[in-house]
Each structure stands twice: as C-alpha cells, then as structure tokens.
Amino acid sequence: MNERKTLEERAQMTDLERLRHSCAHIMATAILRLWPNAQFAYGPPVENGYYYDFELDHRITPDDFPKIEAEMKKIAKENHKFERKVISREEAIALANSGRLGGLTERPGNASQFKLDLIEKIPVGEEISLYQNGDFIDLCAGPHVNYASKCKNNKLMSIASAYYMGDESKQQLQRLYGTAFPTTEELDKHLEQLEEAKKRDHRKLGRELQLFAIDDQVGQGLVLWLPKGAILRQELQNFIGEELRKQGYQQVFTPHIGKLELYKTSGHFPYYKESQFAPIIENEHLAEVAHEGCTCAEVMERLDAVSSRLRDEINDRAGREVIAHDRVKPDAELLQGFLLKPMNCPHHIRIFAQTPKSYRDLPVRLAEFGTVYRWEKSGELGGLTRVRGFTQDDAHLFCTEDQVAQELIGCLALVKTVLNTLGMTDYRVRVGLRDPDSSKFTGNPEQWDKAEAACRDAAATLGVPFTEEPGEAAFYGPKIDFVIKDVIGREWQLGTVQVDYVLPVRFDLTYAGADNKAHRPVMIHRAPFGSMERFTGVLIEHFAGHFPTWLAPEQVRVVTVSEKSESFAQKIYTDLQAANIRCSLDNAADKIGAKIRNAQLDKIPYMLVIGEKEMESGNVAIRHARKGDLGVKLLADFIADVTTEVRERLL
RNA sequence: GCUCGUGUAGCUCAGUGGUAGAGCACGUCCUUGGUAAGGACGAGGUCGCGGGUUCAAUCCCCGCCACGAGCUCCA
C-alpha cells in the first residue's frame with residue numbers, strides 16, 4: 001500500500017487512470033475551496049476510480065458530497081490547463097513549508113507536512129515536478145490529462161478513513177473516494193453495474209433465500225446454516241467427497257479442541273496467539289490459580305510470559321533441524337488447558353503418527369471437513385467471507401520428497417475440477433512466498449527454497465497465469481492460492497495448496513525408506529474450497545442465487561392452476577419425491593401468476609404448471625426460472641432429464 | 001482493533017420531544033383464476049441495549065452491542 005510508483009510505472013498509466021488521477025486533483029481543489037486548510041497526502045487512481053487522503057478538522061459526511069461535486073463541476077468548467085513544472089528539491093521544500101503544496105495559496109503556519117514526507121522519499125537525482133491546475137499546485141510526478149474539462153464525468157462514492165502511509169500506528173486521514181469516466185454514458189453504466197452487483201450480494205441473497213443467518217445472540221462471525229443453506233453445503237461436500245475417493249483420500253474425524261501443548265509443538269500457540277480464541281483453562285487449574293489469589297490480569301500475564309519465551313526459544317532454533325526431544329519442554333508455569341483449534345493439521349499429524357509408516361505406505365492422504373476457530377478482529381468480520389468459525393474442506397498429504405511434485409499437481413487438478421464444475425473461471429492464482437524480512441515464518445531457508453520451487457513448478461503446470469507474492473506464505477510453508485473477487489470487488493482466497501517441510505520436523509514425523517532408515521516426510525495442506533462458508537458466500541454471488549439444479553435447495557415446484565388439478569399435482573409431487581428430487585407443491589388459493597412469481601423469487605430452477613390440460617394429456621408443463629416456458633413433456637421424461645442434470649452436475 | 005455511518009413489524013423503509021406508520025410477507029374468509037402480484041378483514045413493535053437531560057425520549061446527549069464502508073490484519 002502506498003508504495004511509491006517508479007517513474008516508469010507512472011508512464012504506463014492508462015488513459016483512464018490518468019483521467020482519474022487528474023480528477024483526484026480536481027477533488028482536492030474543490031475541498032480546498034470549501035475548507036482551505038485541508039492538508040493532502042496521497043491521491044492515486046485505483047481500480048474503480050480514485051481517492052485522495054487528507055487531514056481536515058471538518059468531518060466530511062455524505063451530506064457534503066453535493067457541494068463538493070458542484071464545486072468540482074465548476075472547476076471542470078473553468079477548464080484550466082494541467083501544467084507541469086520541474087523544480088529543485090530546495091524549491092519543493094520551500095513551497096511545502098509555506099503550505100503551498102496541495103493548496104490554493106500559501107498557508108503560513110500550515111506547512112504541507114505530508115508533502116514534505118513525500119519529498120523526502122524521492123530518491124536523490126530523480127526529477128521533482130509540480131502540477132498546477134488553476135490555483136491548485138501539487139507535488140506530483142503525473143501524468144495528467146491536458147485540460148480540466150476532461151474531468152467532468154465525476155461522482156463521489158464514499159468517505160472513509162485510512163492510516164497515514166498504511167501504518168496502523170500512524171494517524172488516520174480522511175479518504176474520499178470518487179469515480180470518473182470519459183463520458184457520461186460510461187459513468188452511468190458503471191453506477192448501474194454497481195446497483196446490479198448489490199442485488200447479488202450474498203448477505204442479501206442469504207437472507208432472502210433463507211440460506212444462512214448470523215445471529216447476535218449466538219455471536220459475531222458465527223454462521224448458522226439454515227435448512228436450505230445446509231442442503232447446498234451438503235451437496236458441495238458430497239461432490240468433493242466423490243472426488244476425494246477417486247484420488248485415494250481417506251476420511252478422518254477429529255475434535256474441535258486440542259491441548260495447548262499440541263499447539264506449542266505445531267507453533268500455532270506462540271506465533272498466532274492473538275488470532276485465536278483465548279485458551280480454555282482446565283477448571284482444576286483455574287481453581288488453583290484462584291486459590292493463589294491470581295487475578296484475571298495475572299493469568300493473562302502468565303500466559304503471555306510463557307508464550308513470549310516460547311517464541312524466543314523457537315526463534316533461536318530456527319534454521320536447524322529440530323526433533324521431538326528437542327521440542328519445547330512442557331512448562332510447569334504454563335497453565336494447562338486447551339485451544340479451540342485454529343487449524344486441523346496438528347490433529348491429522350497425530351493420526352499419521354499413530355502407526356509406523358514405510359515408504360510403501362506413502363502418500364497418506366487424510367481428509368476431513370474440519371471446523372476451525374479464529375479470533376478475527378471485529379471490524380474485519382462480514383457475511384460468510386470473513387467469520388470466526390468455519391469449516392475447511394481440509395486434507396493433509398504425507399509423502400516422500402520425490403512425490404511432492406506429483407501430489408501438488410494432483411491437488412491443483414482437484415481445485416481446477418471444482419472450479420470448472422461450478423463454472424467459476426474468473427479467478428487468479430497467487431504463489432505466496434515468504435517475506436525474508438519477517439519473523440513470522442519458521443523453518444530453515446533451504447527447506448523454504450525447495451518448497452517454493454515446488455510450488456512455482458506446480459503452478460506453471462496449471463496453464464493459467466500466476467503471480468508470485470512475497471509475504472503471502474503460511475508460517476510453515478509457501479502456498480498456491482486461488483483468489484476470487486466478491487460482488488463489491490474484494491478479493492478472497494478460496495482454494496489453497498501449501499507445501500510444508502516444517503511441521504513434519506516439529507512433530508518429528510518419519511517413515512522407513514527403502515534403505516531401512518528413518519526419513520522425513522513432506523506435508524501438503526490443501527483445501528479446494530478453502531472454507532465452506534467463504535466458498536458458499538462467493539458461490540451465491542457467482543450464481544446470483546440461481547443455483548444449478550444439483551445445488552438448488554428446492555429443485556422443482558409443482559404449481560396448480562386451480563383446485564381442479566390438485567389431485568394430479570399431488571401425484572406428480574409424490575413421484576418427484578420418489579425420484580429423489582427436492583420439490584414442493586404449491587396448491588395455495590393464489591392465482592397461477594402469483595404462484596409463478598413466488599417460485600421465480602425463490603429462484604427455483606423448475607416449475608411444473610399443472611392444470612386441466614395437463615390432467616387430460618398426462619403431461620407436465622415445464623417452466624425454467626431463467627429460460628422461461630419450456631413446453632410440455634411426459635413426467636417420466638422430465639424426471640429422467642432432471643436426474644441426469646443433477647447426476648452430471650450440469651450448470 | 002481504528003475512523004465514519006446505520007440500527008423503527010419477518011423483509012424493504014417512512015416518521016415525530018407528547019409511548020408509532022406504509023408496502024410486501026403472515027393468518028382467516030371470499031375468489032378456482034393458464035406462465036412474475038385477485039379481493040376483504042385481521043394479527044404483529046420495550047422504535048438495538050443501558051444510562052443521562054426533560055413534566056415527558058423512539059427522537060436530544062453519553063456509553064455499550066451489532067451491522068455497513070474503508071483502513072489495518074488474515075496461519
């Protein structure tokens with residue numbers, strides 16, 4: 001965030017970005033005319049528009065938008081030229097000190113502090129330039145459009161705050177978002193698309209279609225799957241279950257909690273303590289602690305003291321082979337207790353370790369729909385995409401070094417099968433590498449290099465472009481993520497495949513090789529959906545609630561034209577049920593138009609309209625939610641068609 | 001967690017310093033109608049929660065909770 005673009009990168013700005021960047025200057029000008037002492041920081045174009053960050057005592061609210069927009073219109077009409085001027089560093093600093101940068105006039109006593117910071121960041125020897133439009137002068141490398149009149153198709157979108165320099169420890173600035181297009185038509189179309197997108201928001205559809213709920217009395221970020229949503233989820237799980245059997249996975253089940261010691265060994269507890277629910281301390285220990293007169297705060301301190309020491313010990317050992325007897329020793333000071341599991345791997349590892357393994361046993365592939373709990377900050381929760389308890393379609397593969405490449409390819413193939421079956425083609429692939437500067441990663445560099453190379457090679461076999469992103473790895477290894485955007489443009493990681501040389505070491509996993517010596521297996525963590533919650537959320541938006549028949553909670557609704565056809569409709573309903581088709585019968589006193597409307601609003605794939613004509617002919621009149629009237633057919637043929645459609649999971 | 005905004009019936013939303021309203025959904029009855037809304041009547045609310053100001057608070061003030069947007073974070 002807010003990384004300085006190089007001059008080369010700036011030169012590559014598209015025409016649209018250039019326009020929006022200019023609009024940011026116009027916006028700043030308008031704000032200054034209304035509030036002359038505003039101090040501006042960054043104002044770049046972004047994917048769907050632009051923003052400018054600024055400091056201002058007056059809190060901008062949406063009520064202020066009309067007057068800012070009116071002022072922007074006026075400025076566009078004044079149609080000043082954008083003029084570029086190269087100046088020396090000294091001149092730039094002098095202008096900033098006078099408050100002139102990011103201002104309409106000199107502002108004594110109100111220096112352009114953010115601009116001074118920016119100047120400092122400009123490498124020595126690089127050209128420093130200003131852009132002026134009317135009275136507004138800004139420190140800016142450009143480029144810009146030639147005249148302000150290009151910026152007339154503008155709309156302010158939202159006001160929010162942002163940390164200065166993207167740093168949580170720094171002050172928060174106001175950030176005003178706008179969007180702009182070359183023509184009014186394009187702007188209107190964009191705004192229309194935003195309205196359309198809102199209609200497919202999974203939070204809205206989830207409520208309307210009764211798929212899931214998040215209830216205040218249950219807790220923030222804890223998803224309740226309603227009966228209809230549960231059908232959807234169960235179908236997804238059946239689907240992936242079939243694929244897993246084909247690929248030689250074995251199903252396991254594990255509990256929702258594990259001992260703190262387990263997570264000390266895995267590294268979760270010391271490393272990610274702040275992202276976990278607080279430990280569950282055994283009653284006996286709580287009583288002891290209480291007897292000693294420990295306050296809550298002291299209990300927390302004891303946990304903290306121990307965990308920070310653990311962290312130090314583990315960091316000391318980073319980079320060398322660690323085996324079980326060298327693990328963190330049980331610690332008398334550490335309160336005994338349990339953790340709600342943040343990941344399933346430790347449990348699966350202990351399943352693997354139950355019996356000695358030989359190279360002939362590998363790979364071992366253990367799968368579970370495992371529910372995990374993570375303490376996400378409250379402001380980050382939302383809908384199904386970011387929650388505190390979620391179920392991963394998880395599996396852990398234990399294999400030999402030689403098998404890694406092939407297993408990775410198998411995992412990626414599985415993710416692709418899943419996405420193709422659902423028609424989700426609009427995704428990007430990210431290879432997450434470690435950030436060499438961060439202490440958040442365990443293991444030694446050679447292992448990481450091997451694992452990263454394996455991921456890179458596997459990703460290259462996918463046949464889709466991928467990006468490599470340092471700092472995006474899991475703490476135990478690099479990963480290949482499938483990333484998809486939601487309806488408001490936010491990106492979410494769904495499927496993921498991760499290579500792990502670290503946890504087998506921490507848990508001292510071994511297998512007997514052909515040489516009859518102990519060898520270290522390699523682990524692969526993978527989840528094609530990622531989490532059932534997040535995936536379902538994205539899926540709802542992908543289909544806009546119009547699920548393919550195999551996923552639809554209700555597949556067929558039988559609607560009667562009048563009471564006269566009720567007995568025939570009843571028989572059809574019974575036959576559909578006997579054929580395992582999820583259906584209902586609407587024999588209410590509504591008119592047929594109303595019944596059809598209701599079925600449409602419920603987004604049920606098929607309606608069978610049953611009246612006197614059908615009674616006489618023995619046919620059913622078929623209406624599809626998206627394709628409309630499909631004419632009549634024998635019931636048996638309809639059932640056969642739907643059954644095939646469901647079995648083959650057609651879209 | 002931070003900033004701003006929002007919170008009124010199951011849903012979508014009006015509204016007021018004097019304890020509330022619409023449409024849809026729901027219930028009953030009438031209607032038996034052929035591919036996106038037939039009609040009548042009825043029931044339904046501690047106006048998010050807790051304090052404060054006031055003769056009086058759903059409305060004003062403060063705190064909390066939840067939701068939304070953005071930021072930060074995301075094993």
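Sequence lines set the chain letters: A, B, ... in the order given, protein chains first and strands last, and positions in each chain run from 1. Basis for what follows: all heavy atoms, side chains included, without hydrogens, waters or symmetry-related copies.
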Of the options B:U31, B:A75, B:G1, whose atoms approach the side-chain atoms of A:Ala589 most closely?
B:U31

Strictly below 4.0 Å: does A:Tyr177 bring a side-chain N or O up to OP1 or OP2 of B:C71?
yes

Please report the distance separating the P of B:G10 from the corresponding atom of B:C65, rounded so that it comes out in whole Å.
24 Å

Among B:U35, B:G33, B:A36, the one nearest A:Asp629 by side-chain distance
B:U35

Rounding to the closest angstrom, what is the interatomic distance between B:C30 and B:A37 at atom P?
24 Å

Let me know the distance between CG of A:Asp201 and P of B:G68, rounded to the nearest Å.
9 Å

State whether A:Arg557 and A:Asp602 are salt-bridged, where the test is any N-O pair (Lys NZ or Arg NE/NH1/NH2 against Asp/Glu carboxylate O) under 4.0 Å.
yes

Expressed in angstrom and rounded to an integer, what is the separation of A:Glu168 atom CD from B:C2 atom P?
10 Å

For A:Arg623 and B:G34, is the shortest distance between a side-chain N/O and OP1 or OP2 below 4.0 Å?
no

Side-chain N or O of A:Arg203 closer than 4.0 Å to phosphate OP1/OP2 of B:G68:
yes

Sticking with atom P, work out how far B:C47 lies from B:A57, rounded to a whole angstrom.
12 Å

Whole-Å P distance, B:A9 and B:G45
11 Å

Spacing of OG belonging to A:Ser266 relative to CD belonging to A:Glu261, to within rounding of 0.5 Å:
11.0 Å

How far, in whole Å, is B:C60 from B:G1 if one measures between their C1' atoms?
30 Å

Identify whether any heavy atom of A:Lys595 sits under 4.0 Å from a base atom; if not, whether one sits that close to sugar-phosphate; answer base, sugar-phosphate or nothing.
nothing

Check this one for me: any side-chain N or O of A:Arg434 less than 4.0 Å away from OP1 or OP2 of B:A75?
no

Can any side-chain N or O of A:Arg388 pair as donor or acceptor with the backbone N or O of A:Glu376 at less than 3.5 Å?
yes

Does A:Gln220 make a side-chain N or O approach to OP1 or OP2 of B:C67 shorter than 4.0 Å?
yes

Is there a side-chain contact between A:Lys564 and the phosphate of B:G33, meaning an N or O under 4.0 Å from OP1 or OP2?
yes

Ignoring backbone atoms, test whether A:Arg490 places a side-chain nitrogen or oxygen under 4.0 Å from the OP1 or OP2 oxygen of B:G70.
yes

With rounding to the closest Å, how many angstrom separate the P atoms on B:A40 and B:G23?
11 Å

In RNA chain B, stems of three or more consecutive pairs, Watson-Crick or G-U, each with both distances under 3.5 Å, turn out to be B:1-7 with B:65-71, B:10-13 with B:21-24, B:26-30 with B:38-42, B:48-52 with B:60-64

So with a 6.0 Å cut-off around NZ of A:Lys67, is the heavy-atom count from everything else above 12?
yes

Taking CD from A:Glu566 and C1' from B:U31, how many angstroms apart are they, rounded to a whole number?
15 Å

Tightest non-hydrogen contact, residues A:Val404 and A:Ala454, listed as CG1-CB, 4.1 Å

Closest of B:A69, B:A75, B:C71 to the A:Tyr476 side chain is B:A75

What is the nucleic acid contact for A:Ile214, judged by heavy atoms within less than 4.0 Å: base, sugar-phosphate only, or nothing?
nothing

Keeping A:Arg430 on the side-chain end and A:Thr467 on the backbone end, is there a donor-acceptor pair under 3.5 Å?
no

Verify, without hydrogens or angle tests, whether A:His202 (side chain) and A:Leu384 (backbone) share a donor-acceptor contact under 3.5 angstrom.
yes

Would one find a side-chain N or O of A:Ser275 under 4.0 angstrom from OP1 or OP2 of B:A75?
no

